[in-house]
Amino acid sequence: MEVFMPLKRTSRTILRLGAVGAVLFMEMSPQESATAVADSFPVMGYIVEVEFVDVRLNSVDDCEELASNCERAEVYGTIFAQSSSGASDLYPSRNLAEWGGSGLPGVCPGTSTPNYYFWWEDNKSCLRGMLEDNTYAFADAYMCPAHTYTSCATNYAKPTNRHRIKVRHGESVKTYIHFRDYDELSSDEDVCRTWQWWGPFTLDQLKTLDTTGTMNSYPNNGAGDCTVNVRLQAVEPFYAIG
């Protein structure tokens, strides 16, 4: 049995050991309580916060016949984070705009057709306009936490660009992004699709983990290519009990 304990800031800490049904009641300071837990139960791993920092479209080729504004994309898509053992946040995906499932993507509330707005606007399921050679912070975008890329589990909100994942000794973390450009007169195309494995990490590496890195989309990535910056930071250990 394992447990993640942030210890409450109180001089009276109760540790419930569900595996043996025992309750230890200790008169300790928060620092003493943390030390007692660390001494009594082995660290299984660390809660790692994965932050999608920003995305940049390095090139966009969105010219339909007789079209203008070829360096602009009307985007919908998803970001995703998971450990190599399959552990994830409660909602592993964050969806930008609306993928659409079997219907049209990026349909705005109260309408039946797609439309786009600025990246930072509270436009919920609407498409997001992105320009070539511009960098967009994920914290500024309204996204919805989700189990899959096709539907939302909760409301659109910001910032929702951070995932917290249990990572054990020897495991890695995967980050993934898939953004597509909506085209009214032709098939939608990828403008940003890539993933990256970080790790594997030892317990000692996880303990002090605080790193940033870059994902780059693959060549011939549909109608564009992108650069995505992410940050991984250890937050708290979790322990084995029982």
Student: Evaluate E171 against S85 for side chain to side chain donor-acceptor pair (under 3.5 Å), listing each step before the verdict.
Tutor: CA-CA 7 Å; E171 292 185 349; S85 66; 3.1 Å; yes
Student: Does a salt bridge link R231 with D54, judged by any charged N lying under 4.0 Å from a carboxylate O?
Tutor: no
Student: So, for H147 and Y91, is the gap between ring centers shorter than 6.0 Å?
Tutor: yes
Student: Parallel, tilted or perpendicular for W195 and Y176, by the 30°/60° rule?
Tutor: tilted
Student: Between K158 and D140, is there a salt bridge with N-O shorter than 4.0 Å?
Tutor: no
Student: Taking the side chain from Q82 and the backbone from A87, do they hold a donor-acceptor pair closer than 3.5 Å?
Tutor: no
Student: Is the backbone of V53 close enough, under 3.5 Å, to the side chain of N229 for a donor and an acceptor to pair up by distance?
Tutor: no
Student: Quick check: does any side chain N or O of D181 sit under 3.5 Å from a backbone N or O of A73, one acting as donor and the other as acceptor?
Tutor: no
Student: Check step by step if side chain to side chain donor-acceptor pair (under 3.5 Å) holds for Y116 and R72.
Tutor: CA-CA 11 Å; Y116 80 94; R72 185 189 70 202; 2.7 Å; yes
Student: Looking at side-chain heavy atoms only, is the closest gap between Y76 and Y182 below 4.5 Å?
Tutor: yes
Student: Evaluate the side chain to side chain donor-acceptor pair (under 3.5 Å) criterion for residues W198 and T175: first the C-alpha distance (whole Å), next the side-chain angles of each, then the deciding distance (0.1 Å), finally the verdict.
Tutor: CA-CA 8 Å; W198 312 93; T175 54; 2.9 Å; yes
Student: Hey, does the side chain of R168 reach the backbone of M44 with a donor-acceptor pair shorter than 3.5 angstrom?
Tutor: no
Student: Without swapping roles, check the side chain of T160 against the backbone of P145 for a donor-acceptor pair under 3.5 Å.
Tutor: no
Student: Could you tell me whether a side-chain N or O of H178 sits under 3.5 Å from a main-chain N or O of C192, the two making a donor and an acceptor?
Tutor: no
Student: Yes or no on side-chain contact (heavy atoms from CB on, under 4.5 Å) for K166 and I47, after CA distance, side-chain angles and deciding distance?
Tutor: CA-CA 5 Å; K166 280 185 174 181; I47 306 296; 3.4 Å; yes
Student: State, yes or no, whether a side-chain contact exists between V75 and V191 at a heavy-atom distance under 4.5 Å.
Tutor: yes
Student: Between SG of C108 and CG of L127, what distance do you get to the nearest 0.5 Å?
Tutor: 7.0 Å
Student: Is any side-chain heavy atom of E74 closer than 4.5 Å to one of M130?
Tutor: no
Student: Is a donor on one side and an acceptor on the other found under 3.5 Å between the side chain of S186 and the backbone of D183?
Tutor: no
Student: Can D122 and K124 be counted as an ion pair, charged N to O under 4.0 angstrom?
Tutor: yes
Student: Give, for atom CD of E51 and atom CG of N161, the distance between the pair rounded to the nearest 0.5 Å.
Tutor: 5.5 Å
Student: Show the numbers, then the answer: is there a side-chain contact (heavy atoms from CB on, under 4.5 Å) between M143 and F52?
Tutor: CA-CA 12 Å; M143 297 185 289; F52 286 79; over 6 Å; no
Student: Going by atom types only, do N134 and R56 share a side-chain donor-acceptor pair under 3.5 Å?
Tutor: no
Student: Mind running side-chain contact (heavy atoms from CB on, under 4.5 Å) on L209 and F201 for me, showing each step along the way?
Tutor: CA-CA 9 Å; L209 181 64; F201 301 107; 3.8 Å; yes
Student: Give a yes or no on whether a salt bridge exists between R180 and D188, defined as a side-chain N under 4.0 angstrom from a carboxylate O.
Tutor: no
Student: State the SG-CG distance between C226 and L57, to the nearest 0.5 angstrom.
Tutor: 6.5 Å
Student: Can you tell if the side chain of T135 reaches within under 4.5 Å of the side chain of V55, non-hydrogen atoms only?
Tutor: no
Student: Has the side chain of S217 got a donor or acceptor atom that lies under 3.5 Å from a matching backbone atom of D225?
Tutor: no
Student: Is there a side-chain contact (heavy atoms from CB on, under 4.5 Å) between L96 and T78 once you walk through the steps?
Tutor: CA-CA 6 Å; L96 182 80; T78 191; over 6 Å; no
Student: Check for a donor-acceptor pair, side chain of T194 on one end and backbone N or O of M215 on the other, with a separation under 3.5 Å.
Tutor: no
Student: Heavy-atom distance under 4.5 Å between the side chains of V173 and V167, does that happen here?
Tutor: yes
Student: Does the plane of the ring in Y149 sit parallel, tilted or perpendicular to the ring in W99? Use 30° and 60° as the thresholds.
Tutor: perpendicular
Student: Just by distance, do the side chain of Y46 and the backbone of Q205 share a donor-acceptor pair under 3.5 Å?
Tutor: no
